[in-house]
Amino acid sequence: MHRYDAAEIEPKWQRVWDEEGLYRASDDPGDPRPRFYALDMFPYPSGDLHMGHAEAFSGGDVIARFRWMQGHDVLHPIGWDSFGLNAENAAIKRGIHPKEWTYANIEQQAASFKRMGMSFDWTRRLHSSDPEYYRWTQWLFLKLFEMGLAYRKNAPVNWCPNDQTVLANEQVINGCCERCGTPVVRKDLTQWFFKITHYAQRLLDDVGTLEEWPERVITMQRNWIGRSEGATVRFRVDETDDEVEVFTTRPDTLWGVTFFVFAPEHPLVPSLAGAGGASREAREMLDRLQSTPLTNREQAESREGVRLGVHVVNPVNGERVPTFVAPYVLMEYGTGAVMGVPAHDQRDFEFAREHGLDVRVVIQPPGEDRDPATMTEAHGHEGVMVNSGPFDGEPSPASIGAVAEWLGEQGLGEPAVTYRLRDWLISRQRYWGAPIPIIHCEDHGEVPVPVADLPVELPEDVDFQPGGESPLARHDRFVKTTCPRCGRDARRDTDTMDTFVDSSWYFFRYCSPGYEDGPFRREDVERWPVSQYTGGVEHAILHLLYARFFTKVLHDAGMVPFLEPFPRLMNQGQVIYDGASMSKTKGNLVMPMPIIERWGADTMRLIMLFAGPFEDDIDWKLIAGDPDRRPGVHHWLGRVFAAVGEAAERGGEEPSELVRLTHRTIEGVTDDLERFRFNVAISKLMVLTNEMRAALDAGGAARGAAEALTQMLAPFAPFAAEELWREVLGHADSVHVSRWPTFDEALAAEDTVTLVIQVDGKVRDKVEVPADADEARCLGLARASEKVGRAIAGREVVKEIVRAPKLVNLVTR
RNA sequence: GCGAGAGUGGCGGAACCCGGCAGACGCGCCGGAUUUAGGAUCCGGUGCCCGAAAGGGCGUGGGAGUUCGAAUCUCCCCUCUCGCACCA
């Protein structure tokens with residue numbers, strides 16, 4: 001009798017696996033096995049692993065183990081995204097060094113991963129905060145710099161007053177810092193950017209080719225890139241002769257312009273306000289608008305605005321229209337100025353009504369008579385252009401392109417495409433990140449650190465309290481250097497890189513661990529394209545967009561052979577509690593390690609994987625029940641032990657029913673694993689267990705079922721399966737290097753099936769029939785059924801549908 | 001507002017891809033057995049309604065459609081979740 005005792009078997013096998021060195025990807029390019037690169041999003045080392053890690057990595061591990069058993073050469077690496085603000089803030093709070101905090105957490109997480117039975121190739125482990133890693137992050141920065149894709153400019157940036165750092169647009173959520181929730185303010189700073197906008201169109205085009213990505217992630221990427229087609233049009237300021245450009249998606253409404261609006265930050269605004277002799281009140285309001293943080297404005301829905309007192313001339317009809325400054329126009333999008341077409345744009349309409357401006361209809365649907373005096377909202381779409389000079393009578397919106405082209409011919413503008421995507425701001429004025437490898441020389445400007453001098457190491461003796469400039473700026477020995485070109489005194493750049501830079505290429509480094517002559521070898525990356533990327537949907541935009549951008553850049557640099565890094569993406573759901581995210585502050589935090597200590601790692605893995613579809617959220621409150629009560633999956637493992645144990649000791653021929661079910665289960669589970677349907681696969685293994693139990697209780701043998709069950713259990717519950725395979729079933733080698741069972745169609749085939757007999761589509765009877773029963777036989781049985789006879793009594797059967805051997809449907813009148 | 005996805009027992013969910021026994025599997029609950037006891041184990045039951053039972057009726061958010069037959073395909077509506085949101 002074999003009792004299931006996780007506490008005994010799990011540490012034992014963990015040791016053995018370590019010694020045996022399982023799970024190493026081959027370094028041999030001639031290895032004939034098919035390769036499978038199972039990539040999990042590398043964790044951020046804040047504290048111990050949480051439930052989200054437990055779920056995501058359990059799923060990723062099932063896939064990796066499944067592929068191993070299918071005979072693949074599997075690369076299943078692990079590393080840590082170990083730079084970043086969290087470490088720095090936590091370290092400040094605790095009065096210790098970020099490095100100390102970070103590496104202590106990494107060690108804890110690594111130990112937890114081993115305890116969970118993760119099949120990582122530990123020899124390829126990396127940490128983005130190691131000099132040997134960020135050396136190459138810096139190298140890649142220089143590559144982008146060399147390619148003209150990294151540049152510095154003075155720009156208004158999003159500044160978090162709490163974290164004392166700049167944030168990327170992507171890190172501002174509803175006007176607040178993504179990290180701490182503090183409202184973000186505007187500030188002008190000189191910052192480093194990566195020219196991701198240069199790749200906007202390619203990022204957009206190629207995202208559509210990712211057929212194995214979740215649709216919603218593709219949509220989110222598309223929306224983020226935000227391509228709009230239309231035209232730019234040049235207006236002239238009548239009083240000053242300044243030229244000002246606008247972007248519009250609706251050039252067909254140009255004849256309906258009745259006013260013109262600038263964003264408060266627009267560079268022309270100060271001089272135009274002067275030229276227009278704006279009133280004191282107007283100037284005060286202007287000041288207020290210009291100093292209001294961008295974010296507060298975003299939330300405002302007011303249609304306030306200030307009249308500038310100057311006019312612009314509409315190039316298509318020569319009309320003079322008044323100009324305004326209004327917060328509803330954003331400097332960040334388009335050109336920072338818009339033409340006001342109140343009849344056909346809702347925002348412009350509201351603005352016009354607020355300020356008593358004309359509304360002129362220039363698109364009129366046939367049979368309708370839109371009257372500016374009585375309109376209560378703007379009309380956008382279908383109709384015929386009117387009051388539109390040469391375009392009168394043309395259809396809209398079909399004429400948008402024609403108008404744009406006409407503008408070009410007339411020299412008034414041109415067709416244009418605009419993206420919402422901004423360049424990627426990568427400078428951070430914080431300590432715990434990769435230093436930007438640039439030296440500022442008075443004579444030579446921005447000079448790259450020579451590759452031989454990389455890494456620019458992060459000094460440890462730094463006062464890293466945030467103070468509005470980079471902590472590195474206060475470290476004289478770091479800052480003072482000499483120019484690599486002229487040898488004279490120069491200053492190092494003191495900003496560090498956004499951690500998203502680190503995570504944009506780590507999956508390449510796994511392919512060439514320890515490589516000394518570059519970030520990775522092209523042939524290694526070519527040999528190990530990512531087969532499956534698994535991670536949280538919270539990275540649906542930023543990380544994935546940046547990693548895609550990097551891949552394209554490196555492709556263009558000739559360093560990688562493909563254009564997209566992750567052909568297959570799977571997002572696991574979140575682990576939540578009672579409908580809300582778990583957090584320490586809410587007091588609803590459940591951690592995986594206590595569960596592992598109490599019930600074992602296999603149970604924790606099975607709880608996660610059996611709870612529901614992998615991509616759906618798991619609400620711990622709904623699935624967990626009493627924490628002291630034995631989890632259902634633990635109970636099941638006990639039943640598996642009992643059944644496999646008995647089967648191992650008993651000889652004889654297996655009941656054909658059980659053989660059949662075994663093969664059907666192999667077929668089903670294999671398919672489920674290909675499709676991430678872990679919960680369904682586990683339920684099938686449970687069914688097989690129940691059937692084994694019944695066969696054993698009836699005195700039958702079950703050895704074949706026991707072997708197959710143990711093997712199929714291995715990806716989910718690696719410890720229990722190993723114990724059964726080696727100790728109970730008596731195999732010498734690990735179950736994890738055994739070959740995945742194959743299914744035999746002949747053995748899986750049923751010899752009898754259930755014939756369902758319907759009358760008018762309702763099930764009236766069921767009969768067991770031979771699998772090869774023909775139509776006549778089925779129909780005869782249906783006709784002979786007493787229940788069917790009762791159901792059709794007194795009625796005429798007008799049609800007989802027969803799908804032998806499974807179904808007969810008698811249709812009556 | 002725009003976009004995406006989802007609505008099935010007391011609960012998590014299966015069947016949806018490819019129309020054919022709805023509710024697999026598990027949790028919970030009910031009954032029984034065993035046990036000093038148990039949050040342990042084993043056996044049986046468990047969609048709802050009527051009925052002692054046999055049996056019957058109803059049933060996959062609502063409504064229509066296609067079909068011999070719809071949880072599944074099509075259309076409309078409702079609800080919820082997620083993402084984006086003054087993007088000119």
Side-chain angles (χ1 to χ4, degrees), chain A residues 174 214-224 226-228 230 246-250 253 261 263 297-303 326-330 332-341 344-348 350-351 418-421 537-538 540-541 573-574 579 606-607 610-613 615-633 635-636 638-639 642 675 677 679-690 693 697 753-766 787 790 797-803 806-812:
Chain A
N174 285 332
E215 195 55 43
R216 62 178 168 153
V217 176
I218 291 175
T219 305
M220 284 161 81
Q221 294 246 324
R222 282 205 179 109
N223 290 345
W224 193 262
R227 179 192 156 100
S228 295
V246 296
F247 172 76
T248 176
T249 54
R250 296 302 304 271
T253 64
V261 191
R297 267 198 281 124
E298 272 177 358
Q299 287 157 337
E301 298 203 346
S302 83
R303 291 289 100 117
Y328 84 89
V329 177
L330 307 175
E332 294 74 32
Y333 186 77
T335 63
V338 302
M339 59 190 212
V341 185
H344 305 292
D345 181 281
Q346 186 59 24
R347 295 155 302 177
D348 294 348
E350 289 164 15
F351 191 81
T418 294
Y419 301 90
R420 204 188 79 116
L421 184 69
V537 73
E538 66 271 20
I541 300 174
Q574 313 271 89
L606 287 168
I607 287 173
F610 187 57
E615 58 270 46
D616 288 3
D617 287 351
I618 294 176
D619 195 325
W620 192 259
K621 190 184 182 193
L622 297 181
I623 65 147
D626 185 342
D628 282 333
R629 197 150 171 162
R630 187 175 185 193
V633 290
H635 182 203
W636 172 54
R639 286 167 55 80
R675 296 158 64 187
R677 292 154 44 90
N679 57 327
V680 184
I682 292 167
S683 77
K684 286 174 182 152
L685 297 180
M686 288 173 169
V687 171
L688 182 58
T689 310
N690 295 344
R693 181 76 264 155
D697 288 347
V753 297
T754 305
L755 174 67
V756 174
I757 305 166
Q758 300 177 333
V759 176
D760 296 325
K762 287 184 179 170
V763 179
R764 292 298 170 180
D765 204 358
K766 300 171 192 178
K787 288 175 185 167
R790 240 180 301 153
V797 176
V798 294
K799 197 165 183 184
E800 295 160 336
I801 314 284
V802 184
R803 298 278 179 274
K806 291 167 82 167
L807 178 115
V808 172
N809 187 15
L810 302 179
V811 185
T812 68

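Keep in mind the model is a prediction, meaning the values are calculated, not measured.
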Student: Just to be sure I understand the rule, does A/Val811 reach a base, reach only the sugar-phosphate, or reach nothing, if contact means heavy atoms closer than 4.0 Å?
Tutor: sugar-phosphate
Student: Which whole-number value in Å describes the distance from A/Asp628 CG to B/A40 P?
Tutor: 11 Å
Student: Ignoring hydrogens and angles, are the base of B/C84 and the side chain of A/Asn223 linked by a donor-acceptor pair under 3.5 Å?
Tutor: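 Side chain to base: no pair below 3.5 Å.
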Student: Kindly assign one of parallel, tilted or perpendicular to the pair A/Tyr328 and A/Phe351, based on the angle between their ring planes and the thresholds 30° and 60°.
Tutor: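 Rings of A/Tyr328 and A/Phe351: tilted, as their planes differ by 30° to 60°.
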Student: Have a look at A/Thr249 and say if it touches a base, only the backbone sugar-phosphate, or nothing, with a 4.0 Å heavy-atom cut-off.
Tutor: sugar-phosphate
Student: CD of A/Glu800 versus P of B/U67: gap in Å, rounded?
Tutor: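 After rounding, the reported distance stands at 20 Å.
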Student: Rounding to an integer number of angstrom, what distance separates B/G65 and B/U8 when you compare their C1' atoms?
Tutor: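 Result for the C1' pair: 22 Å, nearest Å.
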Student: Using the P atom as the reference point in each nucleotide, state the distance between B/U72 and B/A64 in Å, no decimals.
Tutor: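 One P to the other, the span is 14 Å.
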Student: Between B/C82 and B/C87, how far apart are the two P atoms, rounded to whole Å?
Tutor: 23 Å
Student: For the backbone of A/Gly761 and the side chain of A/Asn809, can you confirm whether one donor and one acceptor N or O come within less than 3.5 Å of each other?
Tutor: yes
Student: Is there a side-chain contact between A/Lys799 and the phosphate of B/C68, meaning an N or O under 4.0 Å from OP1 or OP2?
Tutor: yes
Student: If you apply the rule side-chain contact (heavy atoms from CB on, under 4.5 Å), what do you find for A/Asp345 with A/Arg347, and how did you get there?
Tutor: CA-CA 6 Å; A/Asp345 181 281; A/Arg347 295 155 302 177; 2.6 Å; yes
Student: Closest approach of A/Gly638 and A/Arg630, non-hydrogen atoms and distance?
Tutor: CA-NH2, 4.0 Å
Student: Separation of A/Lys806 atom NZ from B/C18 atom C1', in whole Å?
Tutor: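 Checked: the NZ to C1' distance equals 11 Å.
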Student: On RNA chain B, check which nucleotide each of A/Lys766 and A/Arg790 is closest to and give me the residue with the more 5' one.
Tutor: A/Lys766
Student: Across all strands, who's sitting opposite B/C2 as a Watson-Crick or G-U wobble pair, both distances under 3.5 Å?
Tutor: B/G83
Student: With rounding to whole Å, what would you report as the distance between B/G61 and B/G51 at their C1' atoms?
Tutor: 30 Å
Student: For nucleotides 12-15 of chain B, list the nitrogen or oxygen atoms of the protein found under 3.5 Å from its nitrogen or oxygen atoms, one pair per line.
Tutor:
{"unit_1": "B/G12", "atom_1": "O2'", "unit_2": "A/Ala611", "atom_2": "O", "d": "2.3"}
{"unit_1": "B/G13", "atom_1": "O3'", "unit_2": "A/Asn679", "atom_2": "ND2", "d": "3.3"}
{"unit_1": "B/A14", "atom_1": "OP1", "unit_2": "A/Asn679", "atom_2": "ND2", "d": "3.2"}
{"unit_1": "B/A15", "atom_1": "OP1", "unit_2": "A/Arg677", "atom_2": "NH1", "d": "3.0"}
{"unit_1": "B/A15", "atom_1": "OP1", "unit_2": "A/Arg677", "atom_2": "NH2", "d": "2.4"}

Student: Just compare B/G69, B/A88, B/A22 and give me whichever is closest to any side-chain atom of A/Asn809.
Tutor: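 Nearest nucleotide to the side chain: B/G69.
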Student: Does B/C18 have a Watson-Crick or wobble partner in any strand here, with both distances under 3.5 angstrom, and which is it?
Tutor: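 Pairing partner, where one exists within any strand: none, as none qualifies.
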Student: Taking OP1 and OP2 of B/A85, is either one under 4.0 Å from a side-chain nitrogen or oxygen of A/Arg420?
Tutor: yes
Student: Please step through side-chain contact (heavy atoms from CB on, under 4.5 Å) for the pair A/Leu755 and A/Val753, ending with a clear verdict.
Tutor: CA-CA 6 Å; A/Leu755 174 67; A/Val753 297; 5.9 Å; no
Student: Where the side chain of A/Met220 is defined as all heavy atoms beyond and including C-beta, which of B/G83, B/G57, B/A88 is the nearest nucleotide?
Tutor: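 From the listed options, B/G83 comes nearest.
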Student: Using the C1' atom in both, what is the distance from B/G62 to B/C50, to the nearest Å?
Tutor: 26 Å
Student: Over how many whole Å does the gap from A/Gln758 atom CD to B/U67 atom P extend?
Tutor: 17 Å
Student: Choose from B/G20, B/A40, B/A88 the nucleotide whose nearest atom is closest to any side-chain atom of A/Ile801.
Tutor: B/G20
Student: Indicate whether OP1 or OP2 belonging to B/C84 is found under 4.0 Å from a side-chain N or O atom of A/Thr219.
Tutor: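 No.
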Student: Think A/Lys762 has a side-chain N or O under 4.0 angstrom from the OP1 or OP2 of B/C58?
Tutor: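 For A/Lys762, the contact criterion (side-chain N or O under 4.0 Å from OP1 or OP2 of B/C58) is met.
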Student: Could you give the CD1-to-P distance, from A/Ile541 to B/G83, as a whole number of Å?
Tutor: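 My rounded result for the distance is 10 Å.
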Student: In whole Å, what separates the C1' atom of B/C80 from that of B/G32?
Tutor: 42 Å
Student: How close or far is atom P of B/G26 from atom CD1 of A/Ile607, stated in whole angstroms?
Tutor: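 Distance check: A/Ile607 CD1 to B/G26 P gives 16 Å.
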Student: Could I get a table of every N or O pair under 3.5 Å where one atom is in the protein and the other is in nucleotides 42-52 of chain B?
Tutor:
{"unit_1": "B/C42", "atom_1": "OP2", "unit_2": "A/His635", "atom_2": "NE2", "d": "2.8"}

Student: Is a donor-acceptor pair below 3.5 Å formed from side chain A/Arg630 to base B/G39, judging by atom type as modelled?
Tutor: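 In this structure, the two groups form no donor-acceptor pair.
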Student: What is the nucleic acid contact for A/Arg216, judged by heavy atoms within less than 4.0 Å: base, sugar-phosphate only, or nothing?
Tutor: sugar-phosphate
Student: Starting at CZ of A/Arg347 and ending at C1' of B/A85, how long is that distance when rounded to a whole Å?
Tutor: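 It is 11 Å, rounded to the nearest whole Å.
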Student: Can you name the closest pair of heavy atoms from A/Ala540 and A/Gln221 and give their distance?
Tutor: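 Closest pair (atom of A/Ala540, atom of A/Gln221, distance): O-NE2, 2.9 Å.
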Student: Go through it in stages, so that I can follow the logic: the residues are A/Met339 and A/Thr253, the test is side-chain contact (heavy atoms from CB on, under 4.5 Å), and I'd like the CA-CA distance, side-chain angles, deciding distance and then a yes or no.
Tutor: CA-CA 10 Å; A/Met339 59 190 212; A/Thr253 64; 3.7 Å; yes
Student: Of all heavy-atom pairs between A/Tyr419 and A/Arg227, which one has the smallest distance, and what is that distance?
Tutor: OH-NH1, 3.4 Å
Student: What contact category does A/Arg629 fall into here, base, sugar-phosphate, or nothing, at under 4.0 angstrom with non-hydrogen atoms?
Tutor: sugar-phosphate
Student: For the pair made of CD in A/Glu215 and P in B/C17, what is the distance, rounded to whole Å?
Tutor: 18 Å
Student: Respond yes when some side-chain nitrogen or oxygen of A/Asn690 is under 4.0 Å from OP1 or OP2 of B/G26, and no when none is.
Tutor: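 Result: yes.
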Student: Would a distance-only check, ignoring hydrogens and angles, find a side-chain to backbone donor-acceptor pair under 3.5 Å from A/Asn679 to A/Ala611?
Tutor: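 Absent.
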Student: Quick one: does A/Arg222's side chain get under 4.5 Å of A/Ile218's, heavy atoms only?
Tutor: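 They are in side-chain contact.
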Student: Would you mind telling me which residue lines up with the more 5' stretch of RNA chain B, A/Val756 or A/Val633, judged by nearest nucleotide?
Tutor: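 Comparing both residues, the 5'-ward one is A/Val756.
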Student: Taking the side chain as everything from C-beta on, heavy atoms only, tell me whether A/Pro631 gets closer than 4.5 Å to A/Trp636.
Tutor: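 The answer is no; the side chains never approach within 4.5 Å.
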Student: When both hydrogen-bonding distances must be under 3.5 Å and the geometry is Watson-Crick or G-U wobble, what is B/C58 paired with, if anything?
Tutor: B/G47
Student: Walk me through whether A/Trp620 and A/Ile607 qualify under side-chain contact (heavy atoms from CB on, under 4.5 Å).
Tutor: CA-CA 10 Å; A/Trp620 192 259; A/Ile607 287 173; 3.7 Å; yes
Student: Counting only Watson-Crick or G-U wobble pairs whose two distances fall under 3.5 Å, which nucleotide matches B/C27?
Tutor: B/G10
Student: Is B/C75 paired to anything, Watson-Crick or G-U wobble with both distances less than 3.5 Å, and if yes, which nucleotide?
Tutor: B/G63
Student: Any strand is fair game: report the nucleotide pairing with B/U36 by Watson-Crick or G-U wobble, both distances under 3.5 Å, or none.
Tutor: none
Student: In terms of base orientation, is B/G65 syn or anti, with the syn window spanning 90° either side of 0?
Tutor: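 It is anti.
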Student: Taking atom C1' in both B/A53 and B/A14, compute the distance separating them and give it to the nearest angstrom.
Tutor: 32 Å
Student: What interatomic distance, in whole Å, is found between C1' of B/U60 and the corresponding atom of B/G19?
Tutor: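 Going atom to atom, C1' in each nucleotide, I get 15 Å.
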Student: With heavy atoms under 4.0 Å as the rule, sort A/Gly632 into base, sugar-phosphate or nothing.
Tutor: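 Sugar-phosphate only.
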Student: Is a donor from one side chain sitting under 3.5 angstrom from an acceptor on the other, for A/Arg420 and A/Asn223?
Tutor: no
